[in-house]
Amino acid sequence: KEILLVKMVRPNNNFNYFPLRWFIGEEISQVPYVPEVSGAKVFREAGGHLSYAYLQGLASGILTLVTGGRSFVGEEPEGGPSNEEWQKWHARKTAYVLAWNMARPMHPRPPFLEVAPTSRLDANALAQGHSGKGLGSATVQFMEAPQSPVTMTIKVKDTSQADAVVIIPESITITPENYARRVHVYVVTSGNAPSGTEVAVTFLASSADSALNGVSDTWTFITHDGTLSPTEASGIPTIFSSTKQSEVPSAVPSGAPSIMRHPPTVSESLHPSMTLST
């Protein structure tokens, strides 16, 4: 399935596929399997298939290669090495570091930047009139502390489309102290572009930390004709009303953003594009 995904996303490219044995060796050395104490088995009991933890690591590493360096690690679950969800998380982390080092051997270290849309299915921008509270269009978070403060600049990639959406906020400062907090970013339809306009939004990092400076991620959002009533616009958490929506995500208070512990899937409707440049 992972190989088919690679071919589907970039059918004309030849890939150096993820080195499975290298990954297994790295994971075993870091989290050795001790029954009911530590780590996961490499293979399930029967059939010679990889365990669920190692399968998640393999899939995550391939996705990092396919997307040009995007992280699918997620937040560290509680429970430690004896916990199955923690084992899956650690396998994803090991695979991410390995995939990053393969793709960018001259880069100092993986940035662990995760920009994640809050819906896996709906690429619509938020409705015109949204005040930028509650659940955002995407969240920004680092999975490991930067060595220096990082300024994330969020802007429309194509300047000719700059007025198609309103971005709240346009800049975020992330420090070694607050790096683990998810920050919500709101991409709001402005009404200045036709419904259905695809707008690429870039999240660019600037920092004295050379591993992070210049790293960026890009996601595409779609404008629409949905609007909010004055009550909704001032009160949020209603997200939006749109004639094109395929799924309306549930709203949460601004102080309690949703936490995705499993890696997000690559969805065609969200048009992912990772551009990691230094």
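As the structure is a computational prediction, the values presented were derived from the model and not from experiment. One is the number of the first residue; the rest follow in order along the sequence.
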Verdict with reasoning, S207 to S148, per side-chain hydrogen bond (donor to acceptor under 3.5 Å, both in side chains): CA-CA 7 Å; S207 176; S148 302; 4.8 Å; no
Does the separation of the ring centres of F43 and H49 fall below 6.0 angstrom? no
Could you tell me whether the side chain of V150 reaches within less than 4.5 Å of the side chain of I172, counting heavy atoms only? no
For residues Q87 and Y52, determine if any side-chain heavy atom of one lies less than 4.5 Å from a side-chain heavy atom of the other. no
Within the 3.5 Å criterion, strictly below it, is a donor on Q141 or T139 matched to an acceptor on the partner's side chain? no
Could you state the interatomic distance from CG (L212) to OG1 (T151), rounded to the nearest 0.5 Å? 11.5 Å
Whether the S71 and E114 side chains hold a donor-acceptor pair (N or O, under 3.5 Å, no angle test) is what I'd like checked. yes
Is any side-chain heavy atom of R109 closer than 4.5 Å to a side-chain heavy atom of Q147? yes
So which atom in R70 and which in T64 form the shortest heavy-atom distance, rounded to 0.1 Å? O-OG1, 2.9 Å
Heavy atoms of I154 and P169 approach each other most closely as CD1-O, 3.7 Å
Between T189 and G191, is there a donor-acceptor pair closer than 3.5 Å when you use the side chain of the first and the backbone of the second? no
V165 and S190 have their tightest heavy-atom pair at N-OG, 3.8 Å
Do F221 and L126 make a side-chain contact, defined as non-hydrogen atoms from C-beta onward lying under 4.5 Å apart? no
Return yes if a side-chain donor-acceptor contact under 3.5 Å exists between N213 and S210, otherwise no. no
Which heavy atom in A145 sits nearest to a heavy atom in P176, and how many Å separate them? CB-O, 4.0 Å
Derivation and outcome, side-chain contact (heavy atoms from CB on, under 4.5 Å), residues K155 and E170: CA-CA 7 Å; K155 61 182 180 180; E170 295 180 332; over 6 Å; no
Could you check whether R92 and S60, counting side-chain N and O atoms only, form a donor-acceptor pair closer than 3.5 Å? no
Can you tell me how far CZ of F203 sits from CG of L113, rounded to the nearest 0.5 angstrom? 9.5 Å
Whether the side chain of W219 engages the backbone of V201 through a donor-acceptor N/O pair (distance < 3.5 Å, no angle test) should be reported. no
Could you tell me whether Y33 atom OH has more than 12 heavy atoms of other residues or ligands within 6.0 Å of it? yes
Carefully, step by step, assess N178 and F142 under the rule side-chain contact (heavy atoms from CB on, under 4.5 Å). CA-CA 9 Å; N178 71 4; F142 285 95; over 6 Å; no
Working to the nearest 0.5 angstrom, can you tell me the gap between H224 NE2 and T197 OG1? 11.5 Å
Find out whether I174 and M152 are in side-chain contact, i.e. whether some heavy atom of one side chain is under 4.5 Å from a heavy atom of the other. yes
Pair E27, T94: side-chain N/O donor-acceptor within cut-off below 3.5 Å: yes
Verify side-chain contact (heavy atoms from CB on, under 4.5 Å) between H90 and V73, making sure each step is shown before the conclusion. CA-CA 8 Å; H90 195 276; V73 176; over 6 Å; no
How far apart are the closest heavy atoms of A127 and V188, and which atoms are they? O-CG1, 3.1 Å
Worked verdict on Y186 versus I167 for side-chain contact (heavy atoms from CB on, under 4.5 Å): CA-CA 6 Å; Y186 305 83; I167 298 173; over 6 Å; no
Test item: side-chain donor near acceptor, S195 and T223, under 3.5 Å: no
Please confirm whether the ring centroid of Y96 lies under 6.0 Å from the ring centroid of F112. yes
Can you check whether E198's main-chain N or O pairs, donor with acceptor, with Q161's side chain at less than 3.5 Å? yes
So which atom in D122 and which in N124 form the shortest heavy-atom distance, rounded to 0.1 Å? OD1-N, 2.9 Å
Please examine the side chains of E26 and V31, heavy atoms only from C-beta on, and report whether any two atoms are closer than 4.5 Å. no
Is the shortest side-chain N to carboxylate O distance from E76 to K93 below 4.0 Å? no
Any side-chain to backbone donor/acceptor pair from S29 onto G25? Under 3.5 Å, distance only. yes
Give, for atom NZ of K133 and atom NE2 of H184, the distance between the pair rounded to the nearest 0.5 Å. 15.0 Å
Would you say the side-chain atoms of T202 pair up with the backbone N or O of L204, donor to acceptor, closer than 3.5 Å? no
Can you tell if the side chain of T220 reaches within under 4.5 Å of the side chain of V199, non-hydrogen atoms only? no
So, S137 side chain and V187 main chain: donor-acceptor pair closer than 3.5 Å or not? yes
Separation between NZ of K41 and OG of S51, rounded to the nearest 0.5 Å: 9.5 Å
Rounded distance [0.5 Å steps], CG in L135 versus OG1 in T118: 4.0 Å
